[in-house]
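Worksheet for the structure shown next.
Not measured: the values here are computed from a predicted model.
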Amino acid sequence: MRIDSELVIRKVAGETILIPTGKVAKDNPGLITLTESGELLVRKLQEGCEFNDLVTTLMEKYEVEQDRAEQDVKRFLGKLKERGLL
């Protein structure tokens, strides 16, 4: 699974922002503010990874249980899919 390559991550005024560019910007105007975990997941998705890789990443970084990590990843991916970013 890979996030659209026309999305760019930037740090702006202490915030991590996901910026749609190119064709993606047409359907997703504006900026998307990411949490620390959101940034981590987006960076993994830029590399190309699977659901289980994302879950493992959250479990290792934040020391959360697998069920919690799975729910968080599903919710995050669902938001990206709704916007057509995956």
Side-chain angles (χ1 to χ4, degrees):
M1 170 176 1
R2 191 176 280 278
I3 198 163
D4 196 296
S5 62
E6 292 185 329
L7 294 166
V8 178
I9 295 178
R10 293 286 184 263
K11 296 277 188 181
V12 178
E15 298 286 331
T16 303
I17 306 295
L18 189 60
I19 305 166
T21 64
K23 294 176 186 175
V24 174
K26 181 179 178 184
D27 296 328
N28 291 281
L31 307 175
I32 302 163
T33 302
L34 296 173
T35 62
E36 181 181 321
S37 59
E39 178 184 1
L40 180 64
L41 294 176
V42 167
R43 291 197 185 280
K44 293 294 287 183
L45 288 167
Q46 286 177 326
E47 298 169 5
C49 65
E50 298 302 320
F51 178 82
N52 290 336
D53 298 324
L54 297 173
V55 170
T56 300
T57 297
L58 287 186
M59 289 172 57
E60 291 173 356
K61 173 76 176 175
Y62 298 105
E63 298 179 5
V64 296
E65 298 294 324
Q66 183 172 349
D67 289 342
R68 172 66 189 266
E70 287 175 355
Q71 290 173 4
D72 290 349
V73 170
K74 283 179 188 176
R75 188 175 328 114
F76 186 76
L77 293 177
K79 289 178 182 181
L80 292 177
K81 286 178 184 177
E82 283 175 15
R83 296 184 77 166
L85 302 175
L86 278 181

Note to self: Using 0.5 Å steps for rounding, measure from the CG atom of Leu34 to the OG1 atom of Thr16.
What the structure shows: 6.5 Å
Check: Any chain of hydrophobic side-chain contacts (each under 4.5 Å) joining Leu31 to Leu80?
Finding: no
Notebook entry, point to check: According to the salt bridge (charged side-chain N to carboxylate O under 4.0 Å, His left out) rule, which pairs have a member within residues 23-32, sequence neighbours left out?
Noted result: none
Next item on the list: Could you tell me whether a side-chain N or O of Glu6 sits under 3.5 Å from a main-chain N or O of Gly22, the two making a donor and an acceptor?
Entry: no
Checklist line | Side-chain donor/acceptor of Asp4 to backbone N/O of Gly84, under 3.5 Å | finding: no
Next item on the list: Evaluate the criterion side chain to side chain contact (heavy atoms under 4.5 Å, CB included) for residue pair Ile19 and Val12; output intermediate values, then yes/no.
Entry: CA-CA 11 Å; Ile19 305 166; Val12 178; 5.6 Å; no
Item checked: side-chain contact (heavy atoms from CB on, under 4.5 Å) involving Asp53 - partner list, sequence neighbours excluded -> Cys49, Glu50
Checklist line | Least distance between heavy atoms, Pro20 atom then Ala25 atom | finding: O-CB, 3.5 Å
Note to self: Show the nearest heavy-atom pair for residues Asn28 and Arg83, with the distance to one decimal.
What the structure shows: ND2-O, 3.0 Å
Note to self: Does this structure show an ion pair linking Glu39 with Arg43, if we count only N-O contacts that are shorter than 4.0 Å?
What the structure shows: yes
Next item on the list: Answer yes if Ile9 and Ile17 sit in the same cluster of Ile, Leu, Val, Met, Phe, Trp and Tyr residues linked by side chain heavy atoms under 4.5 Å apart, and no otherwise.
Entry: no
Margin query: Looking at Arg2 and Glu47, would you say the former's side chain and the latter's main chain have a donor-acceptor pair under 3.5 Å?
Written below: yes
Margin query: Which heavy atom of Met1 sits nearest to which heavy atom of Phe51, and what is that distance?
Written below: CE-N, 3.7 Å
